[in-house]
Each structure stands twice: as C-alpha cells, then as structure tokens.
Amino acid sequence: MKIRLVNEGVFTPLDNIEDTITPPAEGFYWIDADVDDLAVLQPLFSMHDLAVEDCLSEEEQRPKLEIYESHYFIVVNSIRFDDEEIFLRAVNLFLGRHYIITVTKQKINELRTLKPILWEEEVSTPDRFLYYLVDSIVDNYFTVGDRLEARIDELEEDILMHTKKSHLNEIIGLRGEILWLRKALSPQKEVINTLNKKDLRLIDDQLQKYFSDIYENAVKISETFDTLRDLMGNLREAYQSSISNRANEIMRVFTAITTVFMPLTLITGIYGMNFTNMPELNYKYAYFIVIGVIFALGLSMYWIFRKKDWI
C-alpha cells in the first residue's frame, strides 16, 4: 500500500495510514492499495461491506457507481492488448471528500502514467484525480482500437496474398474478442454518463461537465468496435472467397493439363494397338515422327493456353 499527499500535483509520501483519516490543510490523500489492504482500510474509511466484497470477488465485475453515505464506490475497466489476447482489468475506486483509494489486483498502466498529468495540471482534489484517471482509461481504448484495426488490415493483406487455414481461427478469435469488448463497454458508458449527469455532491459541478467529453469518447469507441465487428465479417467473407478462388485456380490448372494430354493420349493409344497391318509401323522414322508430333502438339496447346491466360 502506497500513501501519498497530493497538492497541486506534487506527491508527498506518507508512512502512517492513520494520518489520512483527518483531512489535510491542502490537497488530498491518494491511497494506492491491493485487495489485501482492505482489511485495514475498511474500518478506517467506513467502506461498505458490499463494495469490499466486490473488490475481493474473483468474478469479473461490471463497471458501476454506488453511492454511500461517506464515499462513492466506482468500478471502471482498464484495457490491455498484448497482440494475442485482450484483457480487461478492474480498477476499484473509493472517492471521499479528502481522499481517493484505488484498489487493483494487477498493475494498471494508467495509474503509472497518470502522475505526470496530475503534476502538469496541478491537481489538488480527489474528484479531479478521478476525472483524469477515467479520461486516461478511456483514451487507452482508442489505442487498442487502432492496434486492432492495424491487425485486421495486416490479416486481410496476408489472406489475399497467402491464404492459410490458420487465418480462419485468427478471424474467429479476433471477432470474439471484439464482440466481448462491445458487451463490456456498454456498462462503462453508463457509469461515465452518470458521472456527467447525476447530481453528485463529491464531484464539483463545473468538473462534472467535463465528463461529457469522456462520455462522447466512450460513444466513439463503441462505434469503432461496431465498425471493427463489421470488418471482421468482411474479412471472413474475403477468406472464404480466397479459398474458393484458390480451389478454382487449382481446378483450372488441372483441367488445362488434362486437356493438353488428351490428344497426346489419343495418339499413343492408337499406336499402342497390336494390329499387324498398320502402315506406319514399318517406316524407319515413324517413332521419331510420332514423338515429334506429340511434343509439337503439347507445346502448341500449352502456348495457346498461356496466351489466353488459362494457366
């Protein structure tokens, strides 16, 4: 557990958690904790049992906002994309008058990158901390959306150039991830919209208006994932079309080869008959003439097919 006094974006580390019970003269306390620290924090800050239970639960929590007498409990999902799988990681927030407590089970990159933003903006209140954190989390969805779009473009080019069976598994996997994200993003939009519109005494009225910008970004992200879902459908059609074209190409080559060898087979079939009185059999150069005719006929047909772009 890390305890910091934040005033005008300047961080002052503290050692004693008891000091955070009393509001500071200036600034606010940011307590960055993990789930094991809740046993100490709950009695000090009168955390509601249901909120603590949600933090401790192994089940995935939906984004939400719960209002209690002395604090708000907010859950938002941070996103991470490691090129193989997309992860959503819950960020549990307890917002009070003079403090904000972040409780996470894994490391959240947005909490690390938030510090220079707080310093630059000279943040001194917990509600502004909440605003910049949620804004950073939502902005990261744009980054993941851009990476997904780039991956789809790369996969489409790969399919058109070299179609493989493994591409279908990748298409199905990516489509499933995108559908899952769309479903998970819907309650997060509702939470942000609540922060924007609902009368919340722990959030400054002027600051609440800024949450509308975050909500608009969340809507844009949702639309982006809708577009990506449609692109995955088009990608699957491109894969199936490429497979069909490849099969047709193979059949065309086989058909052309068969057509080339048909007259050659006819010639060899005729001269393979065991008749005694075949006039050409006794001719001295008959064998060489027949072989020459076979080669000339085969090359001529091959040249015609190539000229017509049939093979």
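Within a 6.0 Å sphere centred on CZ of Phe295, heavy atoms belonging to other residues, nucleotides or ligands number 12 at most. For Arg4, the CZ atom is densely surrounded, since the number of other residues' heavy atoms within 6.0 Å is greater than 12. No more than 12 heavy atoms of other residues, nucleotides or ligands shown are found within 6.0 angstrom of CH2 on Trp119.
Between the side chains of Asn140 and Glu110, at least one donor N or O lies within less than 3.5 Å of an accepting N or O. A donor-acceptor contact under 3.5 angstrom links the side chains of Tyr132 and Glu121, judged on distance only.
If you look at Phe73 and Tyr68, their ring centroids are not closer than 6.0 Å. With ring centers used as reference points, Phe28 lies 6.0 Å or more from Tyr99.
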Checking Leu179 against Arg229 for the side chain to side chain contact (heavy atoms under 4.5 Å, CB included) test, could you report, in this order, the C-alpha distance in whole Å, the side-chain angles of both residues, the deciding distance, and whether it holds? CA-CA 7 Å; Leu179 291 175; Arg229 179 199 58 182; 3.5 Å; yes

Derivation of the side chain to side chain contact (heavy atoms under 4.5 Å, CB included) call for Val76 and Leu133: CA-CA 10 Å; Val76 291; Leu133 176 58; 5.8 Å; no

Salt bridge (Lys or Arg N to Asp or Glu O under 4.0 Å) for Asp34 and Lys105? Distances and angles first, verdict last. CA-CA 6 Å; Asp34 57 37; Lys105 294 180 180 178; over 6 Å; no

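Using modelled atom types, no side-chain atom of Tyr210 and backbone atom of Tyr131 make a donor-acceptor pair closer than 3.5 Å. Under a 3.5 Å cut-off, the side chain of His98 and the backbone N or O of Gly27 do not form any donor-acceptor pair. Between the side chain of Ser57 and the backbone N or O of Glu53 there is no donor-acceptor pair closer than 3.5 Å. Judged by distance alone, the side chain of Gln208 and the main-chain N or O of Lys198 form a donor-acceptor pair under 3.5 Å.
Looking at residues two or more places apart in sequence or on another chain, you find no salt bridge (Lys or Arg N to Asp or Glu O under 4.0 Å) involving Asp127.
For Ile178 against Phe225, the heavy-atom pair with the smallest separation is CG2-O, 3.5 Å. Among all heavy-atom pairs drawn from Ile3 and Asn16, the shortest one is CD1-C, 4.1 Å. Asn7 and Ser124 make their closest contact through OD1-OG, 3.4 Å (heavy atoms, listed as atom of the first residue, atom of the second, distance).
Remark: Glu223 does not engage Lys220 in a salt bridge, criterion side-chain N to carboxylate O under 4.0 Å. Residues Asp204 and Arg128 are not paired through a salt bridge, judged by the lack of any N-O separation under 4.0 Å between the basic side chain and the carboxylate. A salt bridge between Lys64 and Glu66 is present, with a side-chain N of the basic residue lying under 4.0 Å from a carboxylate O of the acidic one.
Two residues are said to be in side-chain contact when any heavy atoms from C-beta on lie closer than 4.5 Å; Phe11 and Leu118 meet this criterion.
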